[in-house]
Amino acid sequence: MTQPQPSAKAFVPFVSVDHMMQLIHHIGLSPMLQGICDRIEADFRRWPLFDKTPRVASHSDVGVIELMPTSDGDVYGFKYVNGHPDNTKDGLQTVTAFGLLSGVANGYPVLFSEMTILTALRTAATSALAARVLAPKGSTVMAMIGNGAQSEFQSLAMQAIVGITEVRLYDIDPSATEKAARNLASSGLKVTACKTAEEAILGAQIITTCTADKQYATILTDNMVGAGVHLNAIGGDCPGKTELAPAILHRADIFVEYPEQTRIEGEIQQLDPDHPVTEFWEVLMGTAQGRTDAKQITLFDSVGFAIEDFSALCYVRDAIKGTNFFTPLDMLADPDDPRDLFGMVARAK
């Protein structure tokens with residue numbers, strides 16, 4: 001007997017890696033980064049509506065696996081993400097991810113998507129949003145310390161959203177810097193490959209650190225950071241992993257996503273638990289001050305937060321409408337009688 005085909009209720013749009021790449025080329029990388037940035041800013045401006053909790057992390061000696069959930073009351077979203085610094089030695093990505101959106105009203109998923117690429121896009125968009133708000137006015141030069149998988153996205157987001165014209169690259173692995181320089185050669189940016197971190201930060205108004213080692217590291221020492229710069233520290237994202245000398249933190253005005261998570265995972269894990277920080281969403285809303293002085297050092301201690309992933313997934317959900325950049329995935333059981341799940345299974349013999 002021919003079994004009835006599932007109804008539309010059974011299918012969830014699935015955006016594969018291939019679809020995500022096609023979507024980027026269809027929209028354009030710069031417009032997509034700007035669009036994700038705009039969505040993140042809009043969601044940060046309604047921050048109090050969201051469920052907020054530090055991500056659920058499973059740590060091991062070699063890395064971390066995390067779940068990052070949130071909801072605005074209408075839509076629920078989560079991301080699965082890992083961070084394994086040694087993966088590249090085996091030809092694997094350091095970070096992989098996927099995510100899902102569901103309707104709160106009935107719990108049915110409405111989007112399932114790869115998020116390895118999308119996480120790179122949303123991280124870069126968030127960094128650029130912070131720099132647009134906090135960096136010295138007219139910033140045109142960024143030092144990119146750490147030239148791994150995230151570096152090109154960071155550089156291009158800063159170009160599209162902040163307006164930088166030059167990026168200065170440094171990595172302890174010269175081949176990583178060569179890779180990043182090669183990928184950015186046609187970007188329109190002036191790209192300078194540097195042999196030291198000190199060389200990279202010369203003339204930079206924005207300094208971005210994005211390194212992978214899971215350890216207390218001092219990528220920037222205190223004497224390397226002068227007045228009138230903005231720091232994006234995005235490499236530290238778990239307990240025991242930092243990039244900045246503590247003395248830099250004591251000289252900087254620090255801005256964070258969600259303090260309860262950042263105090264565990266970010267640069268400020270090195271400081272007293274009550275060290276003052278400012279939540280970035282409050283700056284966007286005008287209830288807290290951002291940069292107030294040209295000589296000020298501002299630091300966005302970014303560890304990544306679930307609302308940013310929610311924003312990116314919502315952007316993709318809307319962007320794929322009317323396109324072929326997804327596959328309808330038969331993901332949900334759809335019996336004729338919602339109470340007769342067993343009968344559906346039995347009839348499938």
Legend entry - SB check E265 R55 (cutoff 4.0 Å):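 Answer for the salt bridge query: yes.
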Inset, instruction - State plainly whether the residues R347 and D340 are in salt-bridge range, i.e. N to O under 4.0 Å. - result: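 Salt bridge between R347 and D340, a charged N being under 4.0 Å from a carboxylate O: yes.
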Legend entry - Centroid-centroid distance, W281 to F305, less than 6.0 Å: no
Inset, instruction - Decide if the gap between the ring center of F255 and the ring center of F280 is smaller than 6.0 angstrom. - result: no
Inset, instruction - Ignoring hydrogens and angles, state whether a donor on the side chain of S16 or D18 is under 3.5 Å from an acceptor on the partner side chain. - result: no
Legend entry - D86 versus H84, side-chain donor and acceptor atoms under 3.5 Å: no
Legend entry - Working for salt bridge (charged side-chain N to carboxylate O under 4.0 Å, His left out), residues E66 and K79: CA-CA 8 Å; E66 301 167 331; K79 181 174 79 173; over 6 Å; no
Legend entry - side chain to side chain donor-acceptor pair (under 3.5 Å) partners of T96, counting only residues at least two apart: N82
Inset, instruction - Give a yes or no answer on whether the side chain of Q150 reaches the backbone of G235 with a donor-acceptor pair at less than 3.5 Å. - result: no
Inset, instruction - Considering non-hydrogen atoms only, spot the tightest contact between F78 and L313 and give its length. - result: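 Looking at all heavy atoms of both residues, the shortest contact is O-CD1, 4.1 Å.
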Inset, instruction - Check the pair R45, E41 against salt bridge (charged side-chain N to carboxylate O under 4.0 Å, His left out), reporting the backbone distance first and the verdict last. - result: CA-CA 6 Å; R45 288 179 179 272; E41 180 175 5; 3.0 Å; yes
Inset, instruction - Kindly assign one of parallel, tilted or perpendicular to the pair F98 and Y80, based on the angle between their ring planes and the thresholds 30° and 60°. - result: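 Plane angle under 30°, so parallel.
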